[in-house]
Student: 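Once you've had a glance at the structure underneath, I'll fire off some questions.
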Number of protein chains: 2
Amino acid sequence: MTDHTTRPIDPRVLRSRAKMIDAATELLAESGPRAVTVDAVSERSGVAKSTLYRHWESREGLLVDVMRSNIPDIQAPDSELTFEQALRAVVVEVTAVMTTPRWRAILPALMMLQQHMPELAEIAHDDHEEKKAILREVVQRGIDAGRLPAGTDEELVARQLIGPVFFTLLTAHPADDAAVDKTVDYVLERFLASYPD
Amino acid sequence: MTDHTTRPIDPRVLRSRAKMIDAATELLAESGPRAVTVDAVSERSGVAKSTLYRHWESREGLLVDVMRSNIPDIQAPDSELTFEQALRAVVVEVTAVMTTPRWRAILPALMMLQQHMPELAEIAHDDHEEKKAILREVVQRGIDAGRLPAGTDEELVARQLIGPVFFTLLTAHPADDAAVDKTVDYVLERFLASYPD
DNA sequence: TCGCTACGATACTGTTTCGTAGCGTTTCCG
DNA sequence: CGGAAACGCTACGAAACAGTATCGTAGCGA
């Protein structure tokens, strides 16, 4: 955690950084990681190459920050919702953010780059933990309401619920959002139906 | 379909081709697609670069064949098995071939390269169709046995059953095969339990 | 054995890429 | 307003890379 509280950050730094990350993100989404070259980012962003190297030690450092800044956040469901509602809300929101055109274009690259960039693997891992924490809270709500057996593993539930969406995203033809919706409905119905009132 | 029936293929061609594809596969699994350069493949395989260009028009052509030759096959389940047994057999086998270290290393690259290499996308798509056909037969068996409702969509079943495994493979820490097994068991139990005898 | 085909070795071209360096200019901030 | 920090521009070096060309050699099959 950098202390951006004590001393305000020079706006020039923020501007340049944002421009470069945006440009790099575009290139990544359009043509994959190979297209994210230092020169291409410099040209598209309008920021000089020398400035890029003032912000990052190497091209890889830039790539890491590009990924970090693009991983979508999700919000914890409203605490007044019932278990069923909360579960639906979480799955629907995760699906929604994953279905973003930009994320659909970036996700495969993240999956691949992870393998050979430990820093990226760590970022992805931390993100999963964050999201699992949200789901864990929902599962706990289900247990408290007697709708789920005590000791239900939120990780297994996550795989059960998100796995099919993930699979659809990476295998179905792009722009086949109907497939994704169908998957979500089906999975939720089946999951909830198996624990009848 | 090439006619390798009329005239036998020169063994030298087969040898060179196999060597190059093996070397390229290794490089791909070790260090990703960027490492699969023409020079690197030539060096590791011991086959001259000029020979590589006698076999493929470009580096991309080689990459396509590398993927094609690495996509694992699965077998249709024995026709004497019950629906339950057949379903288990299919899921277990798909999981087994996907869990291969080599395939785990290659799969993310395929997911990514697909986006910008239509030929690869087609290969992957055809492979899915092949595997879905096997599952469709099993689902039909389930319908005939009255264990599944008529009109069950094998595609949704596939997403339901394979999705979680797929998700686990791409997100869980590598070498966490226990996670995969747990996923398979859990998914199968839940799926079958929801259609009681 | 003989011809044809595939192969090996090497060199070479042209391009792309990462990363560095120097120097003048703009922009922020106290 | 003035110093400091960030930036733009350009040129450059070195390596990696795709793909081509040439020529001599080895292996296959009839």
Side-chain angles (χ1 to χ4, degrees), chain A residues 2-24 26-28 30-67 109 113 116-117 119-120, chain B residues 2-24 26-28 30-67 109 113 116-117 119-120:
Chain A
T2 56
D3 61 346
H4 51 76
T5 53
T6 56
R7 133 167 59 96
I9 301 179
D10 193 320
R12 291 172 292 179
V13 173
L14 294 176
R15 243 198 333 263
S16 304
R17 187 190 147 92
K19 277 187 192 171
M20 287 188 279
I21 288 196
D22 285 353
E26 282 178 27
L27 288 165
L28 177 63
E30 286 169 13
S31 316
R34 273 196 85 159
V36 186
T37 68
V38 177
D39 292 290
V41 171
S42 169
E43 192 182 357
R44 180 170 300 205
S45 66
V47 175
K49 195 161 71 156
S50 42
T51 301
L52 193 149
Y53 280 102
R54 286 181 191 115
H55 285 244
W56 292 280
E57 278 187 355
S58 69
R59 169 185 174 273
E60 286 220 340
L62 166 63
L63 262 183
V64 169
D65 275 349
V66 167
M67 286 301 183
L113 294 177
H116 307 287
M117 295 175 62
E119 209 175 339
L120 270 190
Chain B
T2 57
D3 61 346
H4 50 77
T5 52
T6 56
R7 140 166 50 98
I9 301 177
D10 191 322
R12 289 173 294 179
V13 172
L14 295 177
R15 243 201 331 263
S16 304
R17 189 188 145 92
K19 277 188 192 170
M20 288 187 279
I21 287 196
D22 285 353
E26 282 179 25
L27 288 165
L28 177 64
E30 285 169 14
S31 317
R34 272 196 88 164
V36 186
T37 69
V38 176
D39 290 295
V41 171
S42 168
E43 192 183 355
R44 180 169 299 205
S45 64
V47 175
K49 193 160 75 155
S50 43
T51 301
L52 193 151
Y53 280 101
R54 287 180 190 115
H55 285 244
W56 292 281
E57 277 188 354
S58 68
R59 168 183 173 275
E60 286 220 340
L62 166 63
L63 262 183
V64 170
D65 275 350
V66 166
M67 287 299 184
L113 295 176
H116 306 288
M117 294 175 63
E119 208 175 339
L120 269 190

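Every chain is numbered from 1 and lettered A, B, ... according to where its sequence line falls, protein lines coming before strand lines. Bear in mind the structure is a predicted one, so any value in this text is a computation, not a measurement.
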Student: Nearest whole angstrom, please: distance from the P of D:dC9 to the CG of A:L52.
Tutor: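 A:L52 atom CG is separated from D:dC9 atom P by 14 Å.
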Student: When you look at CD of B:E43, are more than 12 heavy atoms from neighbouring residues, nucleotides or ligands closer to it than 6.0 Å?
Tutor: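 Incorrect, the count does not exceed 12.
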Student: Think A:R54 has a side-chain N or O under 4.0 angstrom from the OP1 or OP2 of D:dA6?
Tutor: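 Checking A:R54 against D:dA6: no side-chain N or O falls below 4.0 Å of OP1 or OP2.
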Student: Judged by atom type as modelled, is there a donor-acceptor pair below 3.5 Å linking the side chain of B:R44 to the main-chain atoms of B:D22?
Tutor: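 Between the backbone of B:D22 and the side chain of B:R44 there is no qualifying donor-acceptor contact (under 3.5 Å).
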Student: Can you measure B:Y53 atom OH to D:dG19 atom P for me and round it to whole angstrom units?
Tutor: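 From B:Y53 OH to D:dG19 P: 4 Å.
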Student: Looking for any heavy atom pair under 4.0 Å, which part of the strands does A:R59 touch: base, sugar-phosphate only, or nothing?
Tutor: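 Counting heavy atoms under 4.0 Å across all strands, the contact made by A:R59 is with sugar-phosphate only.
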Student: Please find the pair of heavy atoms, one from A:L120 and one from A:L113, that lie closest to each other, and give the distance.
Tutor: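 Result for this residue pair: CD1-CB, 3.6 Å.
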Student: In whole Å, I'd like the distance from the CG atom of A:D39 to the P atom of D:dA14.
Tutor: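 To the nearest whole Å, that distance equals 18 Å.
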Student: Which is the 5'-most and which the 3'-most nucleotide of DNA chain C that has an atom under 4.0 Å from a heavy atom of chain A?
Tutor: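 So the outermost contacting nucleotides come out as C:dT17 to C:dC29.
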Student: Can you give me the closest heavy-atom contact between A:A35 and A:A40, atom names plus distance?
Tutor: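 Result for this residue pair: O-CB, 3.8 Å.
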Student: Quick check: closest heavy atoms across A:M117 and A:V64, and the distance to 0.1 Å?
Tutor: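 It is CE-CG2, 3.7 Å.
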Student: Specify the closest pair of heavy atoms between B:S16 and B:H55, including all atoms of both residues, with the distance to one decimal.
Tutor: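 What the structure gives for the nearest pair is CB-NE2, 3.9 Å.
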Student: Would you work out how much the helix from C:dT1-D:dA30 to C:dG30-D:dC1 bends between its ends, with each end axis defined by five base pairs, to 10 degrees?
Tutor: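 Rounded to the nearest 10 degrees, the bend comes out at 40°.
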Student: In terms of the nearest nucleotide of DNA chain C, which residue is placed more toward the 5' end: B:S16 or B:R34?
Tutor: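 Its nucleotide being nearer the 5' end, the pick is B:S16.
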Student: Which heavy atom of B:G32 sits nearest to which heavy atom of A:H116, and what is that distance?
Tutor: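 That would be N-NE2, 3.4 Å.
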Student: When you measure from the side chain of A:S42 to the backbone of A:V38, do you find a donor-acceptor pair of N or O atoms at a distance under 3.5 Å?
Tutor: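 Pair absent, no side-chain N/O of A:S42 close to backbone of A:V38.
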Student: Roughly, in whole Å, what's the span from NZ in B:K49 to P in D:dG19?
Tutor: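 Taking NZ of B:K49 and P of D:dG19, I get 10 Å after rounding.
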Student: Does the side chain of A:S50 get closer than 4.0 angstrom to OP1 or OP2 of D:dG8 through an N or O atom?
Tutor: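 For D:dG8, OP1/OP2 do not have a side-chain N/O of A:S50 under 4.0 Å.
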Student: For the side chain of A:R59 and the backbone of A:V36, is there at least one donor-acceptor N/O pair under 3.5 Å apart?
Tutor: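 Yes, because the side chain of A:R59 sits within donor-acceptor range (under 3.5 Å) of the backbone of A:V36.
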Student: Could you check whether A:R15 gets within reach of a base, just the sugar-phosphate, or nothing at all, counting any heavy atom under 4.0 Å?
Tutor: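 It contacts sugar-phosphate atoms only.
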